[in-house]
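Got a structure here, written out as structure tokens. Questions coming.
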Amino acid sequence: TARLVSQNAANIAAELRLTQDELHGRSVDDLLLLPECRDSATQLAMEMLSKLTFFTYASTHELLPIVVCRLVRLSLLHGNTAESANGYTFYGLLLSRDHDLDRAHRFGRLALALAHRGGEPAVLSQTYIYANYLLMHWKSPLADLVPSFRTAYEYGLQAGSPLNAACSATTLCICRFWAGDELESLTRDLEQYRGGIVRFRQALVLSWHDILLQTVLNLRQESEDPTKLCGPMYDEERRLPLHQTAGDHSSLFNYYVAKT
């Protein structure tokens with residue numbers, strides 16, 4: 001096991017070095033000027049890597065840096081596609097993990113600019129979600145990001161993407177909560193968005209949403225123990241074991257953040 005961990009770490013380090021070498025001498029803004037990729041086989045490879053990026057990110061899999069680096073390098077070598085925006089977003093995440101926040105923020109701006117160039121609502125929606133959620137907050141106050149998550153929601157609806165729309169709605173509300181928004185109006189919007197998430201049948205996102213909604217209700221109402229999430233929207237005694245059994249890391253994350 002130790003040998004496998006060591007080999008994986010070496011593979012990740014090698015991918016990061018190769019990508020840094022390809023980026024050497026180029027500014028982040030230069031990447032927006034790359035030509036459009038015309039090779040169908042490369043386009044398909046980038047599409048597959050882009051989808052794999054989401055799977056590895058959602059599951060916190062150690063392959064994420066490898067997948068992201070290969071997607072970015074294909075863009076550098078063959079030109080940009082719509083999927084390049086996703087690669088640049090998550091490469092920014094890798095930079096932020098290495099505390100290179102200035103470049104991380106610039107890669108977020110690059111991803112948004114590239115998504116706008118393509119004009120595809122599905123790409124715009126996911127880029128507005130992840131670029132702002134993962135990167136833009138390093139340089140922008142949370143309150144300034146609220147309109148971007150609302151834009152992500154609108155693009156998600158235009159694209160007919162229930163997942164993107166649901167994620168955007170919940171992330172919008174989370175952003176408003178941590179920005180210190182007024183709780184009465186936030187409660188109304190949480191309840192309204194919740195109806196949409198239920199209609200979209202996005203059970204995973206609904207768990208995140210219900211945790212936040214119950215947290216806000218606890219803060220607004222008299223409660224013997226306001227840190228205990230037991231109410232009409234979320235009952236931790238019933239739902240927490242379900243998250244743990246399912247290995248639902250995202251809901252567990254939201255739950256423990258709320259408990260703090």
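Along the sequence shown, residues are numbered consecutively beginning with 1. Note that these values count all heavy atoms, side chains included, but never hydrogens, waters or copies made by symmetry.
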Scan side-chain atoms only and decide if S27 and D30 contain a donor-acceptor pair under the 3.5 Å cut-off.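 D30 and S27 do have a side-chain donor-acceptor pair below 3.5 Å.
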Quick one about N8 and E62 (side-chain donor to acceptor, distance below 3.5 Å, no hydrogens or angles considered), yes or no?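 Distance-only check passes for E62 and N8.
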Does the distance from a Lys or Arg side-chain N to an Asp or Glu carboxylate O, for R17 and E15, drop under 4.0 Å?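 The answer is no: the pair does not qualify as a salt bridge.
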Specify whether Y130 and F54 have parallel, tilted or perpendicular ring planes, treating 30° as the upper limit for parallel and 60° as the lower limit for perpendicular.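 The arrangement is tilted - the two ring planes meet at 30° to 60°.
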Just by distance, no angles: are the side chains of Q43 and S40 close enough, under 3.5 Å, to form a donor-acceptor pair?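 Q43 vs S40: no donor-acceptor pair found between side chains.
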Under-4.0 Å salt bridge between E236 and K259: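 Looking at E236 and K259, the cut-off is met.
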Students often mix this up, so state it plainly: with edges at 30° and 60°, are the rings of Y153 and Y193 parallel, tilted or perpendicular?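 Ring orientation of Y153 relative to Y193: perpendicular.
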Under 6.0 Å between the ring centres of H243 and F253?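 No, the ring centres sit 6.0 Å or more apart.
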Which heavy-atom pair separates L114 from T81 by the least distance, and what is that distance?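 What the structure gives for the nearest pair is CD2-O, 4.0 Å.
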Using 30° and 60° as the class boundaries, would you call the ring planes of Y91 and F107 parallel, tilted or perpendicular?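 Rings of Y91 and F107: perpendicular, over 60°.
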Roughly how far, to the nearest 0.5 Å, is SG of C230 from CD of E224?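 Taking CD in E224 and SG in C230, the distance rounds to 11.5 Å.
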If the threshold is 4.0 Å, N to carboxylate O, is there a salt bridge linking R106 and D29?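 Salt bridge between R106 and D29, a charged N being under 4.0 Å from a carboxylate O: no.
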Would you please test H116 and Y128 for ring pair (Phe, Tyr, Trp, His ring centres under 6.0 Å) and show each step? CA-CA 10 Å; H116 273 288; Y128 264 85; 5.5 Å; yes
Whether the S84 and N86 side chains hold a donor-acceptor pair (N or O, under 3.5 Å, no angle test) is what I'd like checked.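 Their side chains do not contain a donor-acceptor pair, so the 3.5 Å distance test is not met.
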